[in-house]
Undergrad: 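Handing you a structure now.
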Amino acid sequence: MIELQKDADIWTVTINRPDKANSLTHAMLTELAEIMESASTARAVILTGQGKVFSAGADLEEAVAGLATSDVWERLSGAIAALPGLSIAALNGTLAGGAMGMVLACDLRIAVPTAKFFYPVMKLGFLPQPSDPKRMAALIGPSRTKLILMGGQKIDATEALAFGLIDRIVEGSEMLDHAGDLCALTVAAKPDIAAEIKRMCSL
């Protein structure tokens with residue numbers, strides 16, 4: 001349910017469980033974390049999904065059984081944030097719940113026009129993972145972060161772009177090609193130069 005394609009220096013990681021809206025099990029999250037922890041040699045990593053939804057977050061049965069509060073989410077987002085290369089979330093559709101964490105940890109986010117974004121963690125009686133509100137607030141500010149996390153608002157791609165939650169809106173047929181184009185200069189650069197520029201851009 002997690003696919004990895006290595007094309008020279010670019011790794012493409014695909015969540016492939018479209019029949020369940022790409023909801024994430026503990027095993028899937030662990031596999032994603034392991035891939036990201038091993039991707040230090042990749043010059044760029046693209047994270048995407050199959051179907052019309054990027055991810056609906058935690059698998060509901062496993063969420064109730066404890067996945068919603070597992071530290072595997074932080075392990076995954078931390079591994080993505082630590083990547084020396086460029087990381088891009090290519091959002092093929094709606095992004096919901098705990099899946100937001102891995103996307104917030106990426107360097108860039110592009111999304112299809114039909115994508116929607118929401119994180120109903122408070123409604124479900126859980127806290128978000130510790131790093132998620134901080135990363136979201138760094139992108140869109142504290143008030144808009146509260147609008148999503150506390151106001152429970154679902155925002156569309158146009159509003160997400162205006163907020164700064166995503167960086168570009170791209171048609172689905174062009175998504176992966178556009179992500180590859182964004183990686184091209186980083187892949188062509190000297191690794192130490194690209195890594196240092198990424199470090200310099202960090203808050």
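Note that the structure is a prediction, hence the values are computed from the model and not measured. Because only heavy atoms are used, hydrogens play no part in the values below, and waters and symmetry mates are left out as well, while side chains stay in. Along the sequence shown, the residues carry numbers beginning at 1.
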Undergrad: Do the side chain of Asp107 and the main chain of Ser87 share a donor and acceptor less than 3.5 angstrom apart?
TA: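 It does hold such a pair.
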Undergrad: Which atom names give the shortest non-hydrogen contact between Thr145 and Pro133, and what distance separates them?
TA: CG2-O, 4.0 Å
Undergrad: When you look at Thr30 and Arg75, which way does the side chain to side chain contact (heavy atoms under 4.5 Å, CB included) test go after all the steps?
TA: CA-CA 8 Å; Thr30 299; Arg75 178 186 172 190; 3.9 Å; yes
Undergrad: Is a donor on one side and an acceptor on the other found under 3.5 Å between the side chain of Ser202 and the backbone of Lys198?
TA: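 At least one qualifying donor-acceptor pair exists.
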Undergrad: Do you know which two heavy atoms are closest between Ser40 and Leu83, and how far apart they sit?
TA: N-CD2, 4.4 Å
Undergrad: Can Met1 and Lys20 be said to form a side chain to side chain contact (heavy atoms under 4.5 Å, CB included), step by step?
TA: CA-CA 11 Å; Met1 289 182 277; Lys20 297 291 186 179; over 6 Å; no
Undergrad: If we only count heavy atoms from C-beta on, is the Arg109 to Ile88 side-chain gap below 4.5 Å?
TA: no
Undergrad: Roughly how far apart are Phe54 CZ and Ile15 CD1, rounded to 0.5 Å?
TA: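 Here the interatomic distance stands at 4.0 Å.
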Undergrad: Can a donor-acceptor pair be found, under 3.5 Å and without considering hydrogens, that links the side chain of Glu62 to the backbone of His26?
TA: yes
Undergrad: For the pair Thr48 (side chain) and Ala90 (backbone), establish whether a donor and an acceptor sit closer than 3.5 Å, ignoring hydrogens and angles.
TA: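 Yes, because the side chain of Thr48 sits within donor-acceptor range (under 3.5 Å) of the backbone of Ala90.
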Undergrad: Evaluate the side-chain hydrogen bond (donor to acceptor under 3.5 Å, both in side chains) criterion for residues Ser77 and Gln129: first the C-alpha distance (whole Å), next the side-chain angles of each, then the deciding distance (0.1 Å), finally the verdict.
TA: CA-CA 10 Å; Ser77 62; Gln129 293 302 315; over 6 Å; no
Undergrad: Do Leu32 and Leu24 have side chains that approach each other closer than 4.5 Å (heavy atoms only, starting at C-beta)?
TA: yes
Undergrad: Is Leu124 atom CG crowded by more than 12 heavy atoms from other residues, nucleotides or ligands, each under 6.0 Å away?
TA: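 Count over threshold, so yes.
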Undergrad: Are Val72 and Met100 joined in one hydrophobic group, where the rule is that I, L, V, M, F, W and Y side chains link up if heavy atoms are under 4.5 Å apart?
TA: yes
Undergrad: Nearest 0.5 angstrom please: Arg199 CZ to Glu196 CD, how far?
TA: 4.0 Å
Undergrad: Just verifying a value: how many Å separate Ile2 CD1 and Glu31 CD, rounded to the nearest 0.5 Å?
TA: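 The CD atom of Glu31 is 5.5 Å from CD1 of Ile2, to the nearest 0.5 Å.
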Undergrad: Do the side chain of Ser23 and the main chain of Gly57 share a donor and acceptor less than 3.5 angstrom apart?
TA: no
Undergrad: Is there a donor-acceptor pair under 3.5 Å between the side chain of Gln153 and the backbone N or O of Gly151?
TA: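 Side chain of Gln153 to backbone of Gly151, a donor-acceptor pair under 3.5 Å: yes, one is there.
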Undergrad: What residues, two or more places apart in sequence or in another chain, satisfy side chain to side chain donor-acceptor pair (under 3.5 Å) together with Asn92?
TA: none
Undergrad: Rounded at 0.5 Å granularity, tell me how far CE in Met28 sits from CG in Leu76.
TA: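 Those atoms lie 11.0 Å apart.
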Undergrad: Any side-chain heavy atom of Pro18 sitting closer than 4.5 Å to one from Val53?
TA: no
Undergrad: So, do Thr114 and Lys52 sit near enough that their side-chain heavy atoms are less than 4.5 Å apart?
TA: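 Sidechains of Lys52 and Thr114: no contact.
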Undergrad: Give the C-alpha distance, both sets of side-chain angles, the deciding distance and a yes or no for side chain to side chain contact (heavy atoms under 4.5 Å, CB included) between Thr69 and Phe126.
TA: CA-CA 8 Å; Thr69 57; Phe126 300 111; 3.8 Å; yes
Undergrad: List the steps and the verdict of side chain to side chain contact (heavy atoms under 4.5 Å, CB included) for Leu91 and Val103.
TA: CA-CA 9 Å; Leu91 302 171; Val103 171; 3.8 Å; yes
Undergrad: To check you understand the geometry: which heavy-atom pair defines the closest contact between Ala33 and Ala79, and what is its length?
TA: O-CB, 4.3 Å
Undergrad: Would the distance check show the side chain of Asn22 and the main-chain N or O of Arg17 forming a donor-acceptor pair, the cut-off being under 3.5 Å?
TA: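 A pair under 3.5 Å: yes.
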Undergrad: Taking the side chain as every heavy atom from C-beta outward, state whether Thr12 and Leu4 have any atom pair closer than 4.5 Å.
TA: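 No, side chains not in contact.
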Undergrad: Any heavy-atom pair between the side chains of Phe117 and Leu165 that's under 4.5 Å?
TA: yes
Undergrad: Are Val187 and Met36 linked, directly or through other ILVMFWY residues, by side chains that come within less than 4.5 angstrom of each other?
TA: no
Undergrad: Rounded to the nearest 0.5 Å, how far apart are CZ of Arg43 and CH2 of Trp11?
TA: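 So the CZ of Arg43 and the CH2 of Trp11 are separated by 13.5 Å.
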Undergrad: For Ile46 versus Ala179, what's the shortest heavy-atom pair and its separation?
TA: CD1-CB, 3.8 Å
Undergrad: Quick one: closest heavy-atom pair of Arg135 and Ala105, and the distance?
TA: CD-CA, 3.9 Å
Undergrad: Check whether any side-chain heavy atom of Glu3 sits under 4.5 Å from a side-chain heavy atom of Val13, and report yes or no.
TA: no
Undergrad: Does Trp73 reach the main-chain N or O of Leu67 with its side chain, forming a donor-acceptor pair under 3.5 Å?
TA: yes
Undergrad: Please answer: with hydrophobic residues joined when any side-chain heavy atoms are less than 4.5 Å apart, are Ile148 and Met102 in the same cluster?
TA: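 Ile148 and Met102: one cluster.
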Undergrad: Using modelled atom types only, decide if a donor and an acceptor are shared between the side chain of Thr14 and the backbone of Asn16 within a distance under 3.5 Å.
TA: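 The answer is no, because no donor-acceptor pair under 3.5 Å joins these two groups.
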Undergrad: Does the side chain of Leu149 reach to within under 4.5 Å of the side chain of Met122, using non-hydrogen atoms?
TA: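 When only atoms from C-beta onward are counted, Met122 and Leu149 do not touch, as no gap falls below 4.5 Å.
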Undergrad: Name the residue from Val64, Thr25, Leu29 that meets the side-chain contact (heavy atoms from CB on, under 4.5 Å) definition with Asp59.
TA: Thr25
Undergrad: Are the side chain of Asp156 and the backbone of Glu159 linked by a donor-acceptor contact shorter than 3.5 Å?
TA: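 Side chain of Asp156 to backbone of Glu159, a donor-acceptor pair under 3.5 Å: yes, one is there.
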Undergrad: Distance from Leu182 atom CG to Leu86 atom CG, nearest 0.5 Å?
TA: 7.5 Å
Undergrad: Treat each ILVMFWY residue as a node, draw an edge where side-chain heavy atoms are under 4.5 Å apart, and state whether Leu95 and Met175 are in one component.
TA: no
Undergrad: Measure across Cys183 and Ile10 and return the closest heavy-atom pair with its distance rounded to 0.1 Å.
TA: CB-CD1, 3.8 Å
Undergrad: Is there a path of hydrophobic side-chain contacts, each under 4.5 Å between heavy atoms of I, L, V, M, F, W or Y residues, that connects Leu139 with Val121?
TA: yes
